[in-house]
Number of protein chains: 2
Amino acid sequence: MTATDTTFRRLCAQHGIAVTHQRQVLYEVMQGMDGHPSPEEVYARVKREIPAISLATVYKNIHLFVESGVLREVSLHHGSQRVEMNEAEHHHMVCSRCKAISDISADALNLPEQRRQLPGGFLVERYSVDVIGICLECQGLERGASRV
Amino acid sequence: MTATDTTFRRLCAQHGIAVTHQRQVLYEVMQGMDGHPSPEEVYARVKREIPAISLATVYKNIHLFVESGVLREVSLHHGSQRVEMNEAEHHHMVCSRCKAISDISADALNLPEQRRQLPGGFLVERYSVDVIGICLECQGLERGASRV
DNA sequence: TATTGAACGATAACTTTTATTGTCTATACT
DNA sequence: AGTATAGACAATAAAAGTTATCGTTCAATA
Ligand SMILES: [Mn+2]
Ligand SMILES: [Mn+2]
Ligand SMILES: [Zn+2]
Ligand SMILES: [Zn+2]
């Protein structure tokens with residue numbers, strides 16, 4: 001039983017999810033992936049360890065890991081592009097449960113002035129801040145309150 | 001000739017793109033849409049004005065509008081979900097041209113402490129900052145420098 | 001070790017986005 | 001105004017990304 005093996009079993013116990021071979025390999029493989037891979041990229045990598053694994057299994061377990069906090073989404077994925085014509089400088093609150101997006105003014109966030117110089121010679125155009133959390137509606141639902 | 005008509009023609013002139021009926025209706029319709037619509041939602045709405053419009057036209061012109069700055073993407077869309085296991089508190093620099101994602105520490109951004117109370121009773125989990133701009137590689141390409 | 005609900009693999013279905021192609025139209029130039 | 005032409009359009013096929021379904025296999029618990 002390896003160290004990561006133990007770590008993973010503890011993680012699963014904490015979150016009440018079953019320990020399966022696929023999940024364990026998925027976890028270990030992703031530990032070794034840097035950058036910000038897509039599910040397809042994770043699938044390609046884990047397939048080297050378990051050639052028979054299904055892409056659906058990768059998707060299902062990425063969801064599971066994200067829900068339980070083992071894994072993090074780089075920025076909340078909405079399935080499709082979202083656009084807006086609101087020209088005012090503003091940012092967003094995004095509900096991690098229902099993915100609802102609402103505006104929040106830059107003032108309300110009290111951001112510092114944006115730095116123009118960043119590591120790697122990156123040329124800054126703008127900052128885009130997502131405040132990730134739970135919206136009021138989802139907070140209500142979470143507490144078992146039923147709605148008409 | 002309406003006011004928005006004039007505005008739109010000026011916008012097109014500024015960006016060197018042709019004024020077409022579809023583009024103009026698209027622009028006007030989106031002016032009247034609040035929230036953060038998807039291309040499909042924009043399509044459904046503009047279809048009421050031009051029933052024969054094609055979804056491909058909506059996509060192409062949303063791209064065009066985003067490129068020319070008429071429209072803004074809520075957060076840069078990567079086509080697929082992106083995940084990571086980097087537990088350290090950090091944020092991202094995202095290239096608006098090639099969509100490359102790179103990490104940046106919270107310290108380097110000099111963010112203020114996160115507010116826990118936000119408008120609308122939103123329960124904050126975390127901040128996710130995307131610094132949107134042009135990566136070094138794309139800056140080089142932009143200047144017409146050719147690469148081996 | 002036997003039971004059983006959960007997880008898996010295979011695959012179909014669905015959603016989102018892009019590419020292709022022939023026709024049409026906005027624009028520039030007489 | 002009339003014409004040429006590059007670019008935009010609609011239609012539609014194809015690709016890419018994601019989810020649902022279902023029969024089989026496996027992990028957890030007794
Ligand atoms: Mn907004
Ligand atoms: Mn990262
Ligand atoms: Zn919500
Ligand atoms: Zn780039």
Side-chain angles (χ1 to χ4, degrees), chain A residues 1 5 8-27 29 36-68 70-71 73-83 99, chain B residues 1 5 8-27 29 36-44 46-68 70-71 73-83 98-99:
Chain A
M1 188 182 268
D5 190 358
F8 183 68
R9 301 190 92 89
R10 187 163 43 234
L11 259 177
C12 289
Q14 279 171 13
H15 296 105
I17 65 181
V19 177
T20 70
H21 181 228
Q22 285 85 349
R23 280 175 189 167
Q24 185 152 353
V25 172
L26 204 41
Y27 178 81
V29 159
H36 308 88
S38 66
E40 281 282 355
E41 285 165 343
V42 173
Y43 173 61
R45 180 63 193 74
V46 77
K47 217 171 158 56
R48 302 218 302 262
E49 311 298 326
I50 311 176
I53 200 169
S54 167
L55 177 60
T57 299
V58 172
Y59 269 100
K60 278 183 288 197
N61 285 310
I62 284 179
H63 284 158
L64 187 72
F65 286 170
V66 167
E67 275 173 43
S68 59
V70 172
L71 212 68
E73 275 191 278
V74 171
S75 58
L76 294 204
H77 187 237
H78 293 104
S80 65
Q81 185 186 38
R82 299 307 179 87
V83 293
K99 309 244 166 133
Chain B
M1 190 183 271
D5 190 357
F8 182 69
R9 301 190 92 88
R10 185 162 45 231
L11 262 175
C12 288
Q14 277 170 11
H15 296 104
I17 67 181
V19 177
T20 70
H21 180 228
Q22 285 85 348
R23 281 175 189 168
Q24 184 151 355
V25 172
L26 204 41
Y27 177 81
V29 159
H36 308 88
S38 66
E40 279 282 354
E41 285 165 342
V42 173
Y43 174 60
V46 76
K47 218 170 156 55
R48 301 217 304 260
E49 312 298 325
I50 312 176
I53 200 170
S54 167
L55 177 59
T57 299
V58 172
Y59 269 99
K60 278 183 290 198
N61 285 310
I62 284 178
H63 284 159
L64 188 70
F65 287 170
V66 167
E67 275 173 44
S68 59
V70 172
L71 212 67
E73 275 191 277
V74 172
S75 59
L76 293 204
H77 188 238
H78 292 105
S80 65
Q81 185 185 37
R82 298 307 178 87
V83 293
C98 71
K99 307 242 167 136

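These numbers were taken from a predicted model, which means no experiment stands behind them. Here is the naming used below: chain letters follow the sequence lines, and residue numbers restart at 1 for every chain.
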Inset, instruction - Starting from the C-alpha separation in whole Å, work towards a yes-or-no answer on side chain to side chain contact (heavy atoms under 4.5 Å, CB included) for A:V58 and A:E40. - result: CA-CA 8 Å; A:V58 172; A:E40 281 282 355; over 6 Å; no
Legend entry - Nucleotides bounding contact with chain A, strand DNA chain D, heavy-atom threshold 4.0 Å: D:dG17 to D:dA28
Inset, instruction - Calculate the interatomic distance between B:H78 atom NE2 and C:dT18 atom P; express it in whole Å. - result: 13 Å
Legend entry - Which residues share a side-chain hydrogen bond (donor to acceptor under 3.5 Å, both in side chains) with A:Q14, sequence neighbours left out: none
Legend entry - Rounded interatomic separation in angstrom, taking NE2 from B:H77 and C1' from C:dT17: 9 Å
Inset, instruction - Measure the distance from CG on A:L26 to P on C:dC8 and round it to the nearest whole Å. - result: 9 Å
Legend entry - Interatomic distance where CD belongs to A:Q24 and P belongs to C:dA7 [whole Å]: 15 Å
Inset, instruction - Take atom CD of B:E67 and atom P of C:dT18, then tell me their distance rounded to the nearest Å. - result: 11 Å
Legend entry - Value in whole Å for how far the P atom of C:dT18 lies from CD of B:E40: 13 Å
For residues 15-23 of chain B, which side-chain N or O atoms pair as donor and acceptor with protein atoms under 3.5 Å away, sequence neighbours left out?
unit_1 : atom_1 : unit_2 : atom_2 : d
B:H15  : ND1    : B:L11  : O      : 3.0
B:H15  : NE2    : B:S68  : O      : 2.7
B:T20  : OG1    : B:R23  : N      : 3.2
B:R23  : NE     : B:N61  : OD1    : 2.8
B:R23  : NH1    : B:A18  : O      : 2.9

Legend entry - Gap between atoms CZ and C1', on A:R23 and C:dG9 respectively (whole Å): 14 Å
Report all interatomic pairs (protein N or O, nucleotide N or O of nucleotides 24-28 of chain C) with separations under 3.5 Å.
unit_1 : atom_1 : unit_2 : atom_2 : d
C:dA26 : O3'    : B:V19  : O      : 3.2
C:dT27 : OP1    : B:V19  : N      : 3.0

Legend entry - Inter-end axis angle, the helix from C:dT1-D:dA30 to C:dT30-D:dA1, with every axis fitted to five base pairs (rounded, 10 degrees): 40°
Inset, instruction - Let me know the distance between NZ of B:K99 and C1' of C:dT17, rounded to the nearest Å. - result: 11 Å
Inset, instruction - Return the residues of residues 51-62 of chain B meeting this criterion: a heavy atom under 4.0 Å from some atom of DNA chain C. Order them by number, or give none. - result: B:L55, B:A56, B:Y59
Legend entry - Atom pair CG/CZ of A:L26 and A:F8 - distance to nearest 0.5 Å: 8.0 Å
Inset, instruction - Could you walk me through whether A:H78 and B:H77 pass side chain to side chain contact (heavy atoms under 4.5 Å, CB included), step by step? - result: CA-CA 9 Å; A:H78 293 104; B:H77 188 238; over 6 Å; no
